[in-house]
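Data block below; observations after.
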Amino acid sequence: MKMTEYNPQKIERKWQRQWKETGIYKTKDSVKGKKNFYHLVMFPYPSGDLHIGHWYNFAPADVYARFKKMSGFNVMSPIGFDAFGLPAENAAIKRGIHPEKWTYANIKAMSKQIESMGNMFDWSREIITADPNYYKWTQWIFLQLYKNGLAYKKKAPANWCPKCHTVLANEQVVDGKCERCDVIVVQRDIEQWLFRITKYADKLLEGLDGLDWPEKTKLMQKNWIGKSEGTLIQFPISNFQFPNKSQNPNDQNFLEVFTTRIDTILGCTYCVIAPEHEIISNLKSQISNLDEVEGYIEQSKKKTDLQRMETDKQKTGVELKGVKAINPATNKEVPIFVSDYVLAHYGTGAIMAVPAYDERDFEFAKKFNLPIIKAPLAPKDEMIKKLGAKKTINYKLRDWLISRQRYWGAPIPIIFCDKCGEVPVPEKDLPVKLPNVKNYLPTEEGKSPLAHSEKFIKTKCPKCGGPAKRETDTMDTFVCSSWYFLRYADPKSSNKFADAKKIKSWLPVNMYVGGSEHAVLHLLYSRFFTKALKDLGHIEFNEPFSALTHQGIILGPDGQKMSKSRGNVIDPDELVKNFGVDAVRMYLCFMGEYSQGGPWNPTGIMGVKRFLEKVWKLKTNLDIKCPSGRLMSKSLETLLHKTIKKVGEDIKNFKFNTAISALMILLNQMEKEKELRVTDYALLVTLLSPFAPHIAEELWSQLKNKNSIFEQPWPKYDPKKIKEETFELVVQINGKTRDRFEAPIGIAENEAKDLTLKRENVKRYTDLPGRQASAKNQIIQKVIFVPNKLINIVIK
RNA sequence: GCCCGAGUGGCGGAAUUGGCAUACGCGCACGACUUAAAAUCGUGUGGAGAAAUCCAUGUGGGUUCAAGUCCCACCUCGGGCACCA
């Protein structure tokens with residue numbers, strides 16, 4: 001069969017079938033003489049349809065992967081599905097379909113769509129996090145963390161989404177609202193599982209330095225961790241009386257505060273404690289306005305986080321009457337207030353207020369008519385010594401809340417026994433399978449739907465064999481995705497989460513491509529898992545992703561975020577039907593800077609489509625144009641080598657738009673040539689192949705090549721052939737371009753100057769009546785010569 | 001409020017890091033082919049001016065022989081954090 005017309009759909013079908021049959025993208029764990037290169041895109045969750053955003057993530061990333069493969073690396077580019085979790089579950093519930101059925105139907109549909117992109121994904125390594133063979137190891141990792149004190153259960157106020165009926169991690173609360181459904185989050189006292197990510201705060205901070213990541217992302221993590229160095233100081237309570245009950249050794253007769261500004265302590269005129277602060281219960285007998293205080297505490301407990309934030313300008317609070325603290329620096333008594341502008345979970349939950357130096361304290365002081373003293377600043381170190389204060393470090397980062405009162409997740413492998421208490425499921429009993437229940441709807445009472453499944457709950461205690469109950473909460477889906485990159489190294493392993501040798505040969509990930517919305521979620525959690533697994537001796541590296549790139553967001557043609565209600569959604573399937581996969585891939589690369597994204601231009605794609613057609617036509621004309629064996633023109637040769645250099649360098653830097661522009665320039669030049677060698681045309685096709693793999697593979701085979709173009713080495717350029725012999729010397733008069741002429745590379749300053757002064761265009765400025773152009777008689781003040789670039793004559 | 005990032009033709013965007021601003025593409029205009037249209041090909045395309053030339057990289061200042069690029073102030077947009085003491 002000989003194809004004469006360019007029919008993208010036909011070519012795509014042909015080569016996608018061929019690639020599948022030959023298994024060209026199946027990755028071996030090692031190839032002799034080649035270095036492994038782990039190239040990863042963030043795996044999608046099975047939401048339903050493949051969005052243009054997925055394309056923008058995967059297609060340009062595939063250009064990079066193919067380029068790496070052709071550059072001599074053994075490239076692994078795996079794909080899978082982040083199948084558990086709220087998004088899939090909510091979508092399923094909305095349609096009245098069981099989450100499992102819905103999820104697997106979507107995976108099937110989306111796999112087909114992903115395959116249509118023609119990426120070099122290795123499907124033999126596909127993973128699905130909802131598969132028991134996968135989540136067995138998610139549970140196993142949970143147990144490792146649990147056994148080493150990095151996972152714990154506690155009852156405390158947590159972010160509760162009233163619509164999703166589950167608690168959420170701090171990272172999943174955006175502006176006081178649930179990141180999934182935008183409903184205002186409330187605080188709810190509930191038993192919850194947490195990972196002790198705070199133990200790794202410092203390591204997570206330090207590790208950022210060595211990473212080839214966008215600076216902005218590193219900064220976001222740094223700010224999220226929020227390290228601040230300060231001091232703990234004790235403010236004695238005057239006339240402190242221990243409560244009547246038997247004396248608790250933890251009861252303190254002082255108030256400990258945290259400050260980063262101990263130098264301002266002389267200006268401290270009152271103290272403030274958070275409504276949740278423990279000291280209140282010990283002071284009860286001394287507080288004369290206890291009813292008022294407790295009323296205030298009740299009130300602030302009822303507030304949502306969002307309401308607390310809204311009180312931005314209006315500070316509230318109540319003084320603890322009958323109790324005073326003593327400022328240890330001045331030995332003066334100061335009042336104590338309870339106010340919700342102080343956060344219980346940060347520092348000690350208590351502050352020394354210095355209204356003269358702190359804006360928030362100033363506002364509060366003004367409202368309650370408290371003294372504002374502009375005291376002199378004291379030297380920090382001296383003050384610490386004098387007061388016997390302790391230097392300390394605080395972090396904004398809080399422990400990661402991972403339990404969800406939802407059905408569609410990996411069960412937490414813990415058993416509760418009346419006799420033995422909390423008992424981890426023995427590793428040999430993993431996985432704890434998620435039962436296929438009929439009643440999977442979330443409940444209001446703060447319990448997982450699994451709590452209704454007697455069959456699931458009832459079990460035996462692994463320790464004593466007595467009757468016991470299973471934990472019914474499931475894990476946050478971010479737990480599943482915090483280690484998936486390890487599994488790709490050995491996706492079928494049944495006796496380990498992945499073979500150590502295989503992990504060593506592939507990890508850390510060499511290039512990770514995905515959205516920046518995960519800057520403090522997935523990317524932080526994965527770093528935590530990696531560090532914990534390393535400390536527990538399971539892996540040998542500290543950081544999961546050596547290099548990271550974010551794609552931008554594609555907006556609708558109207559410049560607005562794409563949404564069905566706005567009707568500005570661009571459907572990639574439709575584009576593929578109209579323009580072909582190669583054109584879609586290529587236009588995504590061409591439309592602008594990769595990390596920037598931007599509005600979709602419906603007519604812009606015609607440009608790359610035309611380009612591909614021209615490449616095709618050039619081949620048709622080749623037989624006429626090329627009498628075989630002719631030398632190409634000097635100028636084409638230079639351009640060809642320059643293009644090889646530019647395209648390679650641009651792909652390496654994810655500057656796909658300028659790489660394509662260089663290819664267009666090369667094509668435009670080739671079209672103008674009277675004769676064209678087959679080998680030179682083949683070079684163009686090779687340079688094009690990472691962007692438009694289907695047409696390139698077809699043209700390559702039409703050039704009578706038997707192997708795949710992707711088994712070709714990336715072309716090398718000859719640095720000698722890039723060097724030109726002449727250049728265009730720019731002549732400026734007072735910094736403005738007035739002339740230019742061809743001059744040999746390396747021309748000396750004197751020679752360039754002489755030639756320049758003889759130019760007619762220059763004489764017009766320098767040959768003034770009665771004066772001569774020379775630096776001596778002051779027409780010419782100065783001559784600036786930039787070798788191989790320009791000459792600037794400064795005249796008066 | 002604080003911390004990042006960005007503002008370049010009608011539009012998406014280039015610019016070897018201080019050296020010809022507007023590459024490449026879209027769009028538009030004119031021409032060729034056609035009975036005609038589409039497609040295709042060719043030419044032109046920042047603004048003003050007859051021209052010399054002048055003016056243009058968010059605004060205003062500065063440094064420099066030379067600024068889109070460096071410095072200062074401001075404006076607008078995007079992102080992050082948000083009572084973290």
Side-chain angles (χ1 to χ4, degrees), chain A residues 174-176 214-224 226-228 230-231 257-262 264 268 272 274 305 308-313 315 339-343 345-354 357-361 363-364 394-398 516-517 519-520 552-553 587 590-593 595-608 610-611 613-614 617 645-646 649 655 657-668 671 728-740 764 781-795:
Chain A
V174 178
D175 291 334
E215 285 306 317
K216 194 175 172 179
T217 307
K218 291 206 248 181
L219 190 66
M220 275 170 72
Q221 290 211 353
K222 196 181 155 192
N223 292 340
W224 189 261
K227 180 177 181 170
S228 78
T231 319
V257 303
F258 172 76
T259 180
T260 55
R261 293 295 307 274
I262 193 170
T264 64
C268 165
V272 188
D305 269 6
R308 277 205 186 184
M309 281 177 211
E310 273 167 2
T311 58
D312 209 15
K313 299 244 159 65
K315 295 254 182 305
S339 169
D340 62 10
Y341 89 88
V342 170
L343 305 173
H345 58 77
Y346 187 78
T348 61
I351 62 152
M352 59 172 219
V354 188
Y357 291 97
D358 185 284
E359 223 177 292
R360 296 153 298 180
D361 298 343
E363 268 173 44
F364 190 87
N394 266 317
Y395 300 91
K396 287 188 197 173
L397 184 71
R398 290 156 76 184
S516 58
E517 68 273 17
V520 290
I553 296 169
Y587 181 61
F590 186 61
M591 57 183 280
E593 201 193 296
S595 60
Q596 205 124 19
W600 178 264
N601 179 350
T603 55
I605 192 169
M606 278 312 297
V608 288
R610 271 177 213 144
F611 167 77
E613 276 164 355
K614 285 191 212 171
K617 269 187 215 155
K645 181 170 192 268
K646 175 141 185 77
E649 283 173 359
K655 293 178 90 175
N657 52 340
T658 48
I660 292 172
S661 149
L663 289 173
M664 287 171 167
I665 292 168
L666 180 64
L667 174 77
N668 291 345
E671 280 179 330
E728 202 164 60
L729 182 72
V730 171
V731 179
Q732 296 184 334
I733 311 277
N734 287 348
K736 287 192 173 137
T737 305
R738 297 298 183 196
D739 198 10
R740 60 192 73 172
R764 284 178 26 220
Q781 306 287 309
K782 214 187 212 176
V783 177
I784 312 281
F785 178 68
V786 183
N788 300 331
K789 260 191 194 126
L790 62 76
I791 192 159
N792 186 13
I793 297 166
V794 186
I795 62 172

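Nothing here was measured: the structure is a model prediction, and the numbers come from that model. Each chain gets a letter, A, B and so on, in the order its sequence line appears, and its residues count up from 1.
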Expressed in whole Å, how much space separates the [atom1] atoms belonging to [N] and [M]?
N: B:U69; M: B:A85; atom1: P; result: 37 Å
N: B:G78; M: B:C54; atom1: C1'; result: 36 Å
N: B:G58; M: B:G7; atom1: P; result: 7 Å
N: B:C20; M: B:G27; atom1: C1'; result: 26 Å
N: B:A52; M: B:U45; atom1: C1'; result: 23 Å
N: B:C30; M: B:C65; atom1: P; result: 49 Å
N: B:G18; M: B:G25; atom1: C1'; result: 28 Å
N: B:U8; M: B:C55; atom1: C1'; result: 15 Å

Evaluate whether atom CD1 of A:I553 has more than 12 neighbouring non-hydrogen atoms of other residues, nucleotides or ligands under 6.0 angstrom away.
-> no
Are there more than 12 heavy atoms of other residues, nucleotides or ligands under 6.0 Å from atom NZ of A:K227?
-> yes
Glycosidic torsion of B:U76 (syn if within 90° of 0, anti otherwise) classifies it as anti
Pick one for B:G80: is it syn, with its angle within 90° of 0, or anti?
-> anti
Within the pair [X] and [N], is there a side-chain N or O less than 4.0 Å away from OP1 or OP2?
X: A:N223; N: B:A82; result: no
X: A:S228; N: B:A85; result: yes
X: A:R610; N: B:U40; result: yes
X: A:K646; N: B:C24; result: no
X: A:K782; N: B:C65; result: yes
X: A:N657; N: B:A14; result: yes

Among the candidates [options], find the nucleotide nearest to the side-chain atoms of [X].
X: A:E593; options: B:C20, B:A14, B:G25; result: B:A14
X: A:N792; options: B:C41, B:G78, B:G19; result: B:G19
X: A:F590; options: B:C65, B:C24, B:U53; result: B:C24
X: A:K789; options: B:A82, B:A23, B:G19; result: B:G19
X: A:Y341; options: B:C55, B:C83, B:A21; result: B:C83
X: A:Y346; options: B:C65, B:A85, B:C4; result: B:A85
X: A:N601; options: B:C4, B:C26, B:C55; result: B:C26
X: A:V342; options: B:C4, B:G19, B:A85; result: B:A85
X: A:W224; options: B:G19, B:C81, B:A85; result: B:C81
X: A:N668; options: B:C65, B:C54, B:C24; result: B:C24

Mind checking whether A:W600 and A:Y587 have ring centres under 6.0 Å apart?
-> yes
Relative to the 5' end of RNA chain B, which residue comes earlier, A:I665 or A:Q732, by the nucleotide with the nearest heavy atom?
-> A:Q732
Given RNA chain B, 5'-ward residue of the pair A:I660 and A:G226, judged by closest heavy atom | A:I660
Find the distance [X]:[atom1] to [N]:[atom2] and express it as a whole number of Å.
X: A:F258; N: B:C83; atom1: CZ; atom2: C1'; result: 15 Å
X: A:K396; N: B:A85; atom1: NZ; atom2: C1'; result: 11 Å
X: A:L219; N: B:G5; atom1: CG; atom2: C1'; result: 11 Å
X: A:K655; N: B:A14; atom1: NZ; atom2: C1'; result: 9 Å
X: A:L663; N: B:A23; atom1: CG; atom2: C1'; result: 14 Å
X: A:M606; N: B:A39; atom1: CE; atom2: C1'; result: 9 Å
X: A:D739; N: B:U53; atom1: CG; atom2: P; result: 11 Å
X: A:M664; N: B:C26; atom1: CE; atom2: P; result: 7 Å

By the 4.0 Å heavy-atom rule, please label [X] as base, sugar-phosphate, or nothing.
X: A:E728; answer: base
X: A:V730; answer: base
X: A:G552; answer: nothing

Below 4.0 angstrom, N of the basic side chain to O of the carboxylate: do A:E649 and A:K645 qualify?
-> yes
Give RNA chain B the dot-bracket treatment, 5' to 3': Watson-Crick (N1-N3 with N6-O4 or O6-N4) or G-U (N1-O2, O6-N3) under 3.5 Å, [ ] crossing, | other strand.
-> (((((((..(((......[....)))((((((.......))))))(((....)))..(((((..]....))))))))))))....
Assess A:K315 against A:Y341: is NZ or CZ under 6.0 Å from the centre of the six-membered ring, and within 45 degrees of the ring's axis?
-> yes
For the atom pair CG (A:N223) and NZ (A:K218), what is the distance rounded to the nearest 0.5 Å?
-> 13.5 Å
Show your working on side chain to side chain contact (heavy atoms under 4.5 Å, CB included) between A:V794 and A:V783 and close with a plain yes or no.
-> CA-CA 6 Å; A:V794 186; A:V783 177; over 6 Å; no
Between A:D739 and A:T737, a side-chain donor and acceptor under 3.5 Å = no
Determine whether A:F364 and A:E359 make a side-chain contact, defined as any pair of heavy atoms from C-beta on separated by less than 4.5 Å.
-> no
Taking side chain as C-beta onward, heavy atoms only, is A:R398 less than 4.5 Å from A:H345?
-> yes
Considering non-hydrogen atoms only, spot the tightest contact between A:S228 and A:Y346 and give its length.
-> OG-OH, 2.9 Å
